[in-house]
Amino acid sequence: MTVLPIPAPTYTPEYRTFAKRAFETALSKVPAYSTWRRHDPGPSAHIFERYRAMPALTKADLREHQPAKFVPEGRDLASALAKCEVELVKTSGSTSDAVTNVWCQEWWNACEASSWKLHATTASAQLGGHREAILSSPRCVGFASEVGYLSMEQRTLRPYLFLTEKADPAEWSVAFCDRMIEELGQFKPAVLEANPSFLSVLCRHAIKRDREVYQPAVVILTYENPSLVHLKHIRQIFQCPTISSYGGTESGYVFMQCEAGRLHQNVEQCHVDFQPLAPRHGGPMIGRILVTTFHNPWRSLIRFDMGDLVRLAAEPCPCGREEGLTLDAIEGRIANATLSIEGRLVTQCEADAAIARVDGVDQYELVQTGAASVSLRYASDARDPAAIEPELCASLQRCYGSSVKITLGHVQALSPVLGVKYRLTRADFEIDIHDFLVGSP
Ligand SMILES: [Zn+2]
């Protein structure tokens, strides 16, 4: 088998300065990293070698140390909290326990603005102070109300309009979806930021009932890794560019899709270490990423394990952006990975491609129930959903192995886990990524 060389990313001298400063500040002034000092080969080593010598920072580390231990010495967190310069926020992760973060709005805004430079449309749209509609779980952002409905005014926090107060799209009525479409027309946002699973439900509603939908300058997909199924629905309704933005509460904006469809690293804001999987699991082009932020004054974050797998681009991007890592795809969360019957890692992206290939699957949830069995629940807008099942089985067998046992179940609609995010794929057993990285058996 031919193993492709990993393309070496290019970095500016300014980038190296930021990377060095973030690293040295963490090791010399941040209590949470005091035990990391013994791994440091020292200032004579190349800065990226020094990074590589360090362990990965995990969510468990963030929980163990609490926010105060990630603040560099000389900064007074209690005073900044009292003056409301920063606040403490809890993330509502769907695959692990919540983490408390110091939230610095100024840093977050700067991260977002840097990411806009990575796509021609967002770079030229003069964003900042623009109107933005948001469609995601109100348990993540915005205003939730499970009992009654909230008025448009109650869900507006200028310049943002939160389109839904209901966390479960399976319970959205026809009238409720129509309300969202009407509000988009009234509010006329420049940007529609959406969880792709949620937006896909609204788009299916518009497709089925032939509704016209207001066209913003751009749709930005975030919160979840978009499925090809979601993209198919979204692109049927929105003719503007649909851009994937990748990041997290801890890391800020890390990658953004360009007009050529690849994802570029937000080099003004962060460094990304890439750790390839072993060749039989998709390496060296697929691997996990560890993120270091450069400019958050209140949280020193070094080699934070995002819990995701990505696929490197094998060639330079035609858009001309060369700096930092360029990705072909975010392959999905490690927690959403499954295994073929031969034990090969199947990323969410790979399973998704196998399912999306079959026309008529409009929503799904795949659970690997054992080493040689998968169960798939799916919703379909097709007249005769059962008719797609033989093709669905054949496609899953090509992905997982011809003797995999497949259980299919047609449902009306699926709900997000805890009303927060959907998990499109997962195994019923634990998958430890260390068993799949280069150097593992
Ligand atoms: Zn590009």
Side-chain angles (χ1 to χ4, degrees), residues 4-16 18-19 48 110-128 190-194 196 216-228 230-232 234-235 238-248 251-276 282 284-294 306 308-332 347-350 352-353:
L4 295 168
I6 297 173
T10 60
Y11 299 107
T12 62
E14 188 190 32
Y15 178 98
R16 288 168 204 272
F18 288 148
F48 298 145
C111 261
E112 186 177 32
S114 304
S115 76
W116 289 333
K117 297 177 188 173
L118 301 172
H119 189 290
T121 302
T122 45
S124 63
Q126 294 182 319
L127 300 177
V191 174
L192 169 58
E193 180 184 275
V218 63
V219 172
I220 297 180
L221 300 177
T222 184
Y223 304 103
E224 278 180 29
N225 196 21
S227 155
L228 294 171
H230 301 144
L231 291 174
K232 188 174 70 180
I234 293 166
R235 287 181 176 145
F238 292 99
Q239 284 81 53
C240 60
T242 300
I243 306 173
S244 272
S245 171
Y246 171 84
S251 63
Y253 292 74
V254 179
F255 287 99
M256 174 96 157
Q257 207 170 19
C258 73
E259 55 279 12
R262 299 217 169 98
L263 293 114
H264 294 281
Q265 182 189 333
N266 190 359
V267 285
E268 287 184 12
Q269 299 291 340
C270 62
H271 174 66
V272 180
D273 283 306
F274 174 84
Q275 295 185 323
M285 300 308 276
I286 296 178
R288 75 164 173 174
I289 48 171
L290 309 175
V291 174
T292 296
T293 55
F294 290 158
M306 297 290 288
D308 281 295
L309 297 167
V310 304
R311 180 156 26 99
L312 297 176
E315 292 162 359
C317 184
C319 78
R321 293 177 184 87
E322 294 179 327
E323 214 187 323
L325 292 181
T326 302
L327 310 179
D328 270 345
I330 306 290
E331 287 281 326
T347 65
Q348 178 180 321
C349 213
E350 184 184 349
D352 182 66

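For ligands, and for the atoms within them, numbers begin at 1 and follow the listed sequence.
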Is it true that atom CD of E323 has more than 12 heavy atoms of other residues, nucleotides or ligands lying nearer than 6.0 Å?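 Yes - once you tally the heavy atoms of other residues, nucleotides and ligands closer than 6.0 Å, there are more than 12.
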Are a donor atom and an acceptor atom from the side chains of [X] and [Y] found within less than 3.5 Å of each other?
X    : Y    : value
S115 : N266 : no
Y223 : E193 : yes
E322 : T10  : no

Near-ring test Y246/Y253, centroid separation under 6.0 angstrom: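 No.
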Check: H271 ring centroid to F48 ring centroid under 6.0 Å: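 Between H271 and F48, the centre distance is under 6.0 Å.
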Near the Zn ion (ligand 1), which protein N/O/S atoms fall under 2.8 Å?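 Less than 2.8 Å away from the Zn ion (ligand 1) sit C258 SG, H264 NE2, C317 SG, C319 SG.
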